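Right, one structure below, let's go through it.
Everything numeric here is computed off the predicted structure, so don't read it as measured data.
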Amino acid sequence: MLDSLEKMTNPQQTMFRDVANKLLAYNFLARDKKDNKEAYYFLMSYKDIFDEFFKILGLELVLNQQQGSVMLKGFNQAQTLRLKRDETLILLILRLLYHEKLKETSLNENVVCVVADIHEKYDYLEIKKRLNKTDLVAALRLFRRYNLIEATGDLTTSTCRIVLMPTILLAIPSEDINSLYQTINRIKQGGDEE
């Protein structure tokens, strides 16, 4: 790995460092997100070196080329972001919306929902506690930071469009959909705050 890094030009080494730091900070890269595109393609060009680098750190790159998304996966709990109850619910709702809206979307279009869709799904779950606008905006900002969504507009309005990035498929894979429903049911019954 060090030999491969030394063979890179200075700009390539700088880009390698920047992409590695971006993944360490945000865990996800989406090819279709403007500020991720260059990093995504650079990572694809030097994937073997990135694999070796992250393996040394005890991390693994998970790649879905078809969807254009990359996730940095940790092997222990210390490397996992703990979400609050509402953040978890919102993430699960976004994943469900991705699945539903994908059916309505052509291959060339992004999967898009609006904030009102999130409220509608939340209300459908019939959870006793109402979804607080402040908590919703904070959760959406968190997910935007981790490259799971991209908002186009003011997150405080119900008409704000949210582009659901395919990285959400890596955050909650299809195999985990059953546990997703179990989590929702546990929360509906007054489960944990985390």
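- Looking at K84 and D135, no side-chain N of the basic residue comes within less than 4.0 Å of a carboxylate O on the acidic one, giving no salt bridge.
- Here the side chains of L164 and L97 are in contact, with some heavy-atom distance below 4.5 Å.
- No donor-acceptor pair under 3.5 Å is formed between the side chain of D154 and the backbone N or O of T157.
- The main-chain N or O of L72 is found under 3.5 Å from a side-chain atom of N27 such that the two form a donor-acceptor pair.
- Here NZ of K7 is found 13.0 Å from CD of Q13. Values are rounded to the nearest 0.5 Å.
- For the pair A151 and C160, the tightest heavy-atom approach, listed with the atom from each and the gap, is CB-SG, 4.3 Å.
- Looking only at side-chain heavy atoms (C-beta outward), T159 and V115 stay at 4.5 Å or farther from each other.
- A donor-acceptor pair is defined here as one N or O able to donate and one able to accept, closer than 3.5 Å; such a pair exists between the side chain of T152 and the backbone of R161.
- To the nearest 0.5 Å, atoms CZ (F54) and CG (L59) are separated by 7.0 Å.
- Between the side chain of S69 and the backbone N or O of A30, no donor-acceptor pair lies under 3.5 Å.
- At most 12 heavy atoms of other shown residues, nucleotides or ligands fall within 6.0 angstrom of atom NE2 in H99.
- V70 has its side chain out of reach of V62: every pair of non-hydrogen atoms, C-beta onward, lies at least 4.5 Å apart.
- Using a 4.0 Å cut-off between charged side-chain N and carboxylate O, K121 and D117 make no salt bridge.
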>> For L170 and Q67: C-alpha separation, side-chain torsions, deciding distance, then whether side-chain contact (heavy atoms from CB on, under 4.5 Å) applies.
In response: CA-CA 10 Å; L170 294 175; Q67 297 292 334; over 6 Å; no
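- Put simply, L94 and V137 are part of the same group of oily side chains (I, L, V, M, F, W, Y) that touch within less than 4.5 Å, one to the next.
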> Where do K55 and D51 land on the salt bridge (Lys or Arg N to Asp or Glu O under 4.0 Å) test, with the steps shown first?
Replying inline: CA-CA 6 Å; K55 187 175 181 180; D51 282 336; over 6 Å; no
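- In this structure, the separation between CG on L140 and CD1 on I149 is 4.5 Å, given to the nearest 0.5 Å.
- Atom-to-atom distance recorded for E150:CD and K34:NZ is 8.0 Å, nearest 0.5 angstrom.
- You'll find the side chain of L136 stays beyond 4.5 Å of the side chain of T156, heavy atoms only.
- Using a 4.5 Å heavy-atom threshold, the side chains of L23 and L61 count as touching.
- Contact of the Y46 side chain with the S4 side chain is not registered, since no non-hydrogen atoms from C-beta on lie closer than 4.5 Å.
- Between N36 and R31, every side-chain heavy-atom pair lies at or beyond the 4.5 Å cut-off.
- At a threshold of 4.5 Å between non-hydrogen side-chain atoms, the residues R144 and L155 count as touching.
- Closest approach of E87 to L83, counting heavy atoms only: OE1-CA, 3.5 Å.
- Residue Q12 qualifies as enclosed at atom CD: its count of foreign heavy atoms under 6.0 Å is above 12.
- Taking each heavy atom of I118 and L131 in turn, the nearest pair found is CG2-CD2, 4.2 Å.
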> What's the verdict on side-chain contact (heavy atoms from CB on, under 4.5 Å) for D86 and N132, showing C-alpha distance, side-chain angles and the deciding distance?
Replying inline: CA-CA 9 Å; D86 283 340; N132 180 322; 5.5 Å; no
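- Under a 3.5 Å cut-off, the side chain of K33 and the backbone N or O of M165 do not form any donor-acceptor pair.
- Heavy-atom minimum distance, F143 versus L91: CZ-CB, 3.6 Å.
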> Would V163 and V111 satisfy side-chain contact (heavy atoms from CB on, under 4.5 Å), going step by step from the backbone distance to the final call?
Replying inline: CA-CA 6 Å; V163 178; V111 179; over 6 Å; no
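- Side chain of N110 to main chain of V112: no donor-acceptor pair is present (N/O by atom type, distance under 3.5 Å, no hydrogens or angles).
- Annotation: Y26, atom OH; neighbour count of heavy atoms from other residues, nucleotides and ligands within 6.0 Å does not exceed 12.
- Cluster annotation: V114 and L148 are assigned to distinct hydrophobic clusters (Ile/Leu/Val/Met/Phe/Trp/Tyr, side-chain heavy-atom contacts under 4.5 Å, transitive).
- Note that the CD atom of E100 and the CD1 atom of I93 stand 10.5 Å from one another [nearest 0.5 Å].
- One distance of note links CD1 of I90 with CZ of R85; it measures 10.0 Å at 0.5 Å rounding.
- Ring planes of F16 and F50: parallel class, angle under 30° (limits at 30 and 60°).
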> Do E38 and M15 pass the side-chain contact (heavy atoms from CB on, under 4.5 Å) test, and can you show the C-alpha distance, the side-chain angles, and the key distance before you say yes or no?
Replying inline: CA-CA 9 Å; E38 185 179 7; M15 185 66 170; 3.3 Å; yes
